[in-house]
Structure formats: C-alpha cells, structure tokens
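For clarity, every value in this text was computed on a predicted model and none was experimentally measured. Naming: A, B, ... by sequence-line order, numbering from 1 per chain.
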Amino acid sequence: MSRTDAEVRVGAVAYHPRIVTIWEAFLEHFDREGMPTDYILYSNYERLVEAVLAGEVEIGWNTNTAFVALEQQLGAQARILGMRDIDARFATLIVTRRGEAFGEVGELAGKRLALGSGDSGHAAILPLHYLDEQGLDAASECELVRFDTDLGKHGDTGDSELRVIRAVAEGAADAGALGEPTLAAFRAERVPAVFDLEVAWRSPTYYHCNFTALPSLDDALAQRWEGALMAMSYDDERMRQAMDLEGVKRWLRGDRTGYRSLAAAMSEG
Amino acid sequence: MSPRRLEAGELELGGGLEVLLAAALEGMPAGARVEVITPSRSTALELPSWAHASGHQAVSERAVPGGPYAVELERGPFARVLADPLPEKRPGPRLRDGELHTADLRSPAEVPAQADPAAGFTPLGALAERGAPAFRWTLNERDALWADDVSELTEQASAGQWDASRDIPWEAARGLPEFLERAVSQVMTFIAQNEYGALYVPAGFLADVNPAYPEMLQWLSSHVHDEARHVEVFTKRSLIGGQPSYALASTELSLHTLLDERDFSGAALLLNVLGEGTFLDLLRFLEHYAPDAATRAAAALAHRDEVRHVHFGISHVRRHIATDPDQTAALIGAAERRAGKLTEMSGLSPLLTEGLTVMAAGSLQPAELARGAREVRELMQTMEDNRIKRLRAAGFDQRDAQHLSDLHTPNLM
Ligand SMILES: [Fe+2]
Ligand SMILES: [Fe+2]
C-alpha cells in the first residue's frame, strides 16, 4: 500500500528493530480507522524533536525528556495527543543487594549510586530530582556510577538499566535506579541479577512518553488521529502483539500534569 | 464489599508470588480487588510494577513502617488469552487395560469433516488463541484422507518397531558365492530404490495435512519411518557383501511417475494398494528363497510393515469410493495417467528378473535355473492374482480391478 496519501506523519525513535514491527501494525490499525498515517524513524530524540519543530512530522512519539525539551525549545505549550496506560503511572525504583536496603534516603549518603543514561528521565534525571526533594543531594553526597550506554535514546533500550542492576548485584555500586516497567521486564525475562536485589525505594509517579504535536496542528485532524489511537484495543488479536511490544494495554488521553517534576529538574539542570 | 486477602507469606515476585497472584486475579471479574499482604517492604514496593505489567492496577498501599504491608490490586479488563473461556472439565478418555489408545481420544463423529486451512497446531481438546499467524494447509477434508482403522494401524506400527542395525543377523550374509551375492545385491538395490519411492510419497503429503487430523499425521509419520527403515535395511543388505550393483533408470522412471500423483487418494491407490500390495508378494518370495538368514529376516520384517501400509490403502480407497462413487473414475484416471507416462516401459528389467531367477535357483545349474525361471513366472502370476483381490477388496468391480491391475504391470511399486 502506498503511504504517500498519509494525512499524518508520526516520528519515532528506532531504539530497537521491533519499532518497525510495531509501527507497521499500527499503520494498518490507523488505515482501518480511516486515518491514514505514516511513520518516520529517527536515531535519537534530539533529531525527533527537531523534526517536530520543523514540521517534518506532524506528531512525535516522545519520551518525557524529549517532550519537556521540545516545549522548552518551542517556548510554548505543545499539544499532547495520547499516552500509554503505563506512561500515566510511571515510577523509578532504587534497588540494593538483598539485606542492604536503606530506610531513609539519607542513608545513601557516601554510597555508590548507579544511574542509567544521563538523558533518561526515569533512570537518571528524576531519581536525582526526587531524592533531592526528599533531602538527599545525591550528585554531591553520593558517588554516582553512571552508565551512559544509550544516550540519545533516553533509556528506551533498557541497556543502561541492565548495567545498573548488574553493577549493584556484583557490588560495583551499592544502590541503583531503574524504571519500574524495566524491573518488571527483567523479572519476566528472568534476568539473573534481579534475584540478588531488593527494592528499597519507589519514587512518586510521573508521566513518561506521549504523542506530541505543535499547537498549530489542525484541531479536527488532531481529534481524528487521537480518536483512532484510542480505538486501538488490546482485545483485537491483530494488535495484541504490537501493543505488547510497545508496552501498552490501553491508550489514554494525555495531559501535562505529570511532567512538572521533570520540567523543574531539567530547568535546574 | 471488602477486598479478598491474599497472604504472600515468604513468597516474592519472581519467586512464586506471581503464580499465586495470576491465579487469584484470573478468577476474578474486571474491577474486583485483592489485597496482598506481605512482610517484605521490597515486595510491597515492587507489586505495582508487576500489576501494571500484567494489565492490572495497584490502587492503594498501606506502607506501615516495619510491616506487614498491604497492597491492593484491581483486576484489569483484559483476558490473558484471546480465546473463549475454557469449557467445563470433563471425564478423560477411557483406558484399555491401562493403555491409552489414539482411537479412544475422540469418537469418529468428532473428527471434523472440514478443517480450517489457516488453523495452527492446536492439540486435540485445546482452544486456539486468536491472532496466531495463518497457515495454508491443502489437505483439509476428512474424507479425502481418512481410513476408519487409521488409529489402530498406527498403534500396530508403534508396537511393531524393529531395528535394522540390531535385529538382522548380519554375520549370516557374509561369504555367499559371487554369482549369488551379485544377484542378491542387485535385487536388494532394486528394492531399496523402490523403498525411497514409498518414503517420498507419504512424506510429500505429510506436511500438507491439516493439524486438525493428528491421527493422520501419526499414521503418515509411521509410514515414513517404516520406509526409511526399509531403505536402510535393504541398502545395508546390498552393502554387506561388498558387491556393488545398479540403480536402474527404468525403476527410476516408474517411481518418478508415482511421485507425480498429487491427489492423496490417487497416491493411496497407486502406492499402498497396487505398489506395496505387489511388494507383499515380492517380499514373500524373497523370504522364501533368501540364500542367507539376514536377507530372510530383512524381507520378513519389511513384509510385516507392508501389510499395514497395504491395509491402510485398501481401507482408505474403499471408504473414499463408498463416500463418493464418482471417485472410482478419478482413481482409475490416476492409474491411466501413470501408465500413459510409462509407454516406453516394456516390463521388468532383465537385471531384476535374472537376479530373482538366480536367487530362486540358488545355482547356475541348467535344471535349477529352469526351475528358478518358472518360480519367477509364477511370482508374476501370483502378483496379478493378488492385485486383483486387493482391488476388489478396495471396492472396485471385477472389470475395473482387471483393468487397474493390467495398467500396473510394468511396475512393481
Ligand atoms: Fe517399504
Ligand atoms: Fe510400505
């Protein structure tokens, strides 16, 4: 099928080959919903943000970090066209070796804290921010052990978080931060290092990815596209595999309430 | 209504708690809640991640310092498997003196007349989840495949397995006189060549059969396995004496036309009824005139298997014709098509008939050779008589049976 008649182009970051599988299935869904859509892949979120700002794509499938950066560059509020169910209740966990969990975050002072890629909201920026809110300036009081292995992809690959939990399990760090769904995925995959760890801390919840458009996007088109997205069902056998790969069971209409902490953290930083 | 409570005890996520949780939530309606009580703060902190990844919600947490901790989960709206709910438990199949026979897994009426060509590998009794990739099976009709005793024949095949390396007294085959070894080797090579044909025909259909007919898959697999062992045993018999021989082009031509038949019932007639049927008489002959115990054992064991293959063919063709009398003409057509491709074949190769004659004579003395030649002529007559009997048993009238037998004459298999 020719995609040249697409009314909407969605930009996404190719953090894994499965992105193609996901979007090929999504395009068929948008076709069935009468909302012809195409996708364009970028190798990193900085390029994707540029592409949205330049009008190269109408919609960007952004991480929270990319979304906040986009709004900062835009100097105005962007338009949010939906998010995954897990994006609305994301949290960061801090793990330690078994039996070495801390009670208060202050006990982490002087310890080695492993973090994922520096541009990852959930594996680096937000844990530092929330620890700071709770009274621990980890950047100066802890020895930070950083794994910047998927910079530009904002932690999407999970690789930096895998290194975080291995570092903790092997004793190269005393504690480590990772996204809640990442730990669930490691558990499901039976990653051995996870068995040596316990969860010591859970951050407040915040928002993660969203579909972002410029405020200038035509209202009617935005609503049609969002409606088509919301119509995607996990009970549709044609979509279940792609939705599992994308980590979504239900699409939600987004709002901006869950990005305040990250926006604050990124303007401090 | 207060939520159900689930005591996690010492169980952790990844250590068995997830099994308890999944079982509890599976049986609950969407929106119902369960309160998980755990002494572990780590587990309490991790439970929301498990719940969200599993399509449920963590709705509240009571994080009492020092524990125990309570995390309330709400069952999400999604079914874990995209299929209808499992039917009620029912009594399992009957046993025969402790044995579970394939024929007792379902009644004949439960074998579907038509199977979905796109269906996947769904074992009997299981429910297929939606969303699996589609296959394109080509053999999707019961009546095009079935034989009423197919399951019983498969049981016999499993029970009658033998070993071509160990069950043959190979030592006995060494040291025959050269003229005799040459004759035996040529006949064994001819048979092995034909066993290839008998292997490739069912193997060619096997992967086209809709998985809704596991009885057929088991039968065809046993057939393929039997023929692989026949190729093995007759090849080994030809090799054991160190005497090479020819794989003849005329035999190849005959087998080539056998593999051309792409209709399952047509192939059952040509291979199982006519070809393997004729081989029954040939193997009996070899068993009788084998100059050594190894050749005799190979012929006898292969004969035992061929009886099953022929039985299937007769049973299938008879059922096929009975279900649809128009099939008679189609089946005769298959034999005529094959014969039409073999017009240049004038009968059996002299190398084969000479080999059989020498085996029957056991000597190169004129009187013995004359007797051997007579035995071979009688074999041909026996083959024809029995072919007609089998064709009659398969449901053809006398005239059609004679016609089919005549068409088959230039081939053995
Ligand atoms: Fe055979
Ligand atoms: Fe056979």
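Using modelled atom types and a 3.5 Å distance limit, the side chains of Tyr69(B) and Thr43(B) yield no donor-acceptor pair. Ser117(A) and Asp150(A) share a side-chain donor-acceptor pair at under 3.5 Å.
Two residues are said to be in side-chain contact when any heavy atoms from C-beta on lie closer than 4.5 Å; Ser221(B) and Leu206(B) meet this criterion. Residues Arg98(A) and Asp196(A) form no side-chain contact, since every pair of their non-hydrogen atoms from C-beta on lies 4.5 Å or further apart.
Contact check on Arg187(A) versus Glu18(B) returns no salt bridge, with no Lys/Arg side-chain nitrogen under 4.0 Å from an Asp/Glu carboxylate oxygen. Between Lys249(A) and Asp85(A), none of the side-chain N atoms (NZ, or NE/NH1/NH2) sits under 4.0 Å from a carboxylate O, so this pair counts as no salt bridge. For Glu100(A) and Lys111(A), the salt-bridge test fails: no basic side-chain N is under 4.0 Å from an acidic carboxylate O.
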Derivation and outcome, ring pair (Phe, Tyr, Trp, His ring centres under 6.0 Å), residues Phe312(B) and His223(B): CA-CA 10 Å; Phe312(B) 172 81; His223(B) 190 181; 7.7 Å; no
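For the set Arg238(A), Arg190(A), Arg240(A), the entry with the most heavy-atom pairs within less than 4.5 Å of chain B is Arg240(A). Counting heavy-atom pairs closer than 4.5 Å to chain A, the top-ranked of the candidates Ala53(B), Pro48(B), Gly55(B) is Pro48(B).
Both the sub-6.0 Å distance and the 45° axial angle are satisfied by Arg262(B) relative to the ring of Phe205(B).
Here the closest heavy-atom approach between residue Arg89(A) and residue His56(B) is recorded as NH2-O, 3.8 Å.
Identified by a heavy-atom distance below 4.5 Å to chain A, contributing residues of residues 136-144 of chain B are lacking entirely. Within residues 155-186 of chain A, the residues having any heavy atom less than 4.5 Å from a heavy atom of chain B are, in residue-number order, Glu180(A), Leu183(A), Ala184(A).
For Ser40(B), no part lies under 4.5 angstrom from a heavy atom of chain A. Within the 4.5 angstrom heavy-atom criterion, only side-chain atoms of Phe195(A), from C-beta onward, approach chain B.
Using a 30° and 60° split on the angle between ring planes, Phe78(B) and Tyr234(A) fall in the perpendicular class, above 60°.
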